[in-house]
Amino acid sequence: MGAVETSQQFTAAGKLTRVLTGLTNGALTFAGVGVFAGLFSLYGFAMSSVGGAEFWGWPLVAVSVGSMVLVIAELASKYPFAGSMYQWPTILAGKRVGWWMGWVYAGALFPLMTAYYASLPVLIHPLFNLAPSFTTDAIIIVIAAAIAVVWNIARIGVLGRITEWAMGLELTVVTIVCLLTFILGAKHFGNLTQTAAVTTTSSGAATIQVLSSLKNVFPLFIGAGVFNALWVLYTFENGGTLGEETVDAGRNAPRAVIGAYLFAIAAGFLFLLCLTPSIPDMKAAMLGGVPAENAITAHLPVGVFKLFLVVVSIGLIVATNVMFTGAVRHIYGMARDGQLPFSATWSKTLKDGAPWAAVLLLGALSLVPVFVFTTKTSSIVGGATAAMYLAYFLIMSVTLIYRLRGWPKVKGRFSLGRWGIPVNIVAVVGTGLTALDLLWP
């Protein structure tokens, strides 16, 4: 009860202001997922690994993540507090468990922010015909981080309103481009079941190897084919962590979580089902590494593809800022309970409720992986995603343990009821297998 009382006291004290509607929270949560930017950034990577059959990773991951989303929605309904991935295990299992879970999640957030920054050059390169290089990518990443810092010192309501407009623009333009590409395309539905991989010959030349047996396909599918979906379909907990700044959070926070998930699933199917069958030459697309560009420019003017890149880049910038917002609330939530070194500093806010000190801390720490390790997108994304799913597995496991002990005694506005245990079990198995898959050497 100590964690609950502490969070409620701070909520009543008005440290964070309740200015978000359910729609705005949902828009922010959906934006943080970054569906189109995420799919675009690793579309070529997944396709070069297993062919067009990478599409089937989307519905497979959607089922696993869906169960986790339902558990998150129930937790968000009962405990809509900033730093939810620390608060939830603390409320259920005590501060010691919450401290460990909070630090695991925090450790995942820093490279995750870098991964969001590092996805931006993948969009910027073709937009301005830039050659990839460490210097160019580092400049883009630093600029993205600077924007996130400045943006997040502003009031959350401002970020919410900008996000609503940006998501409306991105959904409209990308939907039109994808549908026109599909309508004008040749509709090669066989692309969706094509299994092949890009390999290198002894002379160093890239070639396509057709994968004809399940024995050859399965390891590549679970190792890289599903990775595009895994990279996109998470961070829905942001709907809960923004609950403390949402009006009528017990009702609106779970709506935001579930609504963002459903929109993300629909957006992914739109992208993959429209573009993959429209690729005129799968071998060329796999070798070139830009299948989305191949699909769109084969049927529409290059200018339309440039417009596509512009709005997806805007979506990614917004997604980066929203993820930054969620990460800042995690730092703030832990610091507010005295769970971080120099907690008194990181829990400071401006008069309008912006946790400025946590913003500056995250801005600095999230750049460390770039200059210490690499700007290679797939490497940063892989590590960040694995760390996030490990945190999800731990949270789902703690929730299941206490659900078996009778939690929740009092139901929130959204409750799984008698479906709680089976859904939670699926969530534990799904997140556990995903973490194992991503961490496997």
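Just the heavy atoms: all of them, side chains too, but no hydrogens, waters or symmetry mates, feed the values below.
- A donor-acceptor distance shorter than 3.5 angstrom exists from the side chain of Lys306 to the backbone of Pro126, with no hydrogens or angles considered.
- Remark: the backbone N or O of Leu416 is not paired with any side-chain donor or acceptor of Lys411 at under 3.5 angstrom.
- By the 4.5 Å heavy-atom criterion applied to side chains, Glu245 and Arg18 are not counted as neighbours.
- Phe305 and Phe40 have tilted rings, their planes meeting at an angle from 30° to 60° on a 0 to 90° scale.
- Annotation: side chain of Ser41 is not in contact with side chain of Leu123 (no heavy-atom distance under 4.5 Å).
- Between Glu74 and Arg403, at least one side-chain N (NZ, or NE/NH1/NH2) sits under 4.0 Å from a carboxylate O, which counts as a salt bridge.
- The shortest distance between side-chain heavy atoms of Phe308 and Val304 does not fall below 4.5 Å.
- By the 4.5 Å heavy-atom criterion applied to side chains, Thr320 and Ile147 are not counted as neighbours.
- For the pair Ser415 (side chain) and Gly417 (backbone), a donor-acceptor distance under 3.5 Å is present.
- For Tyr86 and His330, the gap between ring centers reaches or exceeds 6.0 Å.
- Figure legend: cation-pi geometry between Arg329 and Tyr332 absent, as NZ or CZ is not positioned both under 6.0 Å from the six-membered ring centre and within 45° of its axis.
- Between Phe30 and Phe263, the two ring planes are perpendicular [angle over 60°; tilted spans 30° to 60°].
- Using a 4.5 Å heavy-atom threshold, the side chains of Ile314 and Glu170 count as separate.
- Counting heavy atoms from C-beta on, the side chains of Trp58 and Leu233 come closer than 4.5 Å.
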Practice task
Apply side chain to side chain contact (heavy atoms under 4.5 Å, CB included) to Trp88 and Lys78, showing your working.
Solution key: CA-CA 9 Å; Trp88 295 337; Lys78 283 188 65 63; over 6 Å; no
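- Judged by distance alone, with hydrogens and angles left aside, the side-chain atoms of Asn321 form no donor-acceptor pair with the main-chain N or O of Trp151 at under 3.5 Å.
- Side-chain contact between Ile222 and Trp440 is absent, with no heavy atoms from C-beta onward closer than 4.5 Å.
- Distance alone, capped at 3.5 Å, places no donor-acceptor pair between the Asn152 side chain and the Val328 backbone.
- Between Asp437 and Thr434, the side chains place no donor N or O within less than 3.5 Å of an acceptor N or O (distance only, hydrogens not considered).
- The side-chain heavy atoms of Phe227 and Thr385, taken from C-beta on, include a pair separated by under 4.5 Å.
- Taking the centre of each ring, Phe218 and Phe221 stay at or above the 6.0 Å mark.
- A donor-acceptor contact shorter than 3.5 Å links the side chain of Asn25 to the backbone of Gly239.
- Formation of a donor-acceptor pair under 3.5 Å by the His299 side chain with backbone atoms of Ser278 is found in this model.
- For Tyr116 and Trp231, the ring centers sit closer than 6.0 Å to each other.
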Problem - Stepwise side chain to side chain contact (heavy atoms under 4.5 Å, CB included) check, Met101 with Met85 - result: CA-CA 7 Å; Met101 298 286 187; Met85 294 290 280; over 6 Å; no
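- In plain terms, the two heavy atoms of Ala197 and Ser49 that are nearest each other are CB-O, 3.3 Å.
- In this structure a side-chain-to-backbone donor-acceptor pair under 3.5 Å is missing from Trp103 to Gly98.
- Side-chain N/O atoms of Tyr105 and Glu237 include a donor and acceptor closer than 3.5 Å.
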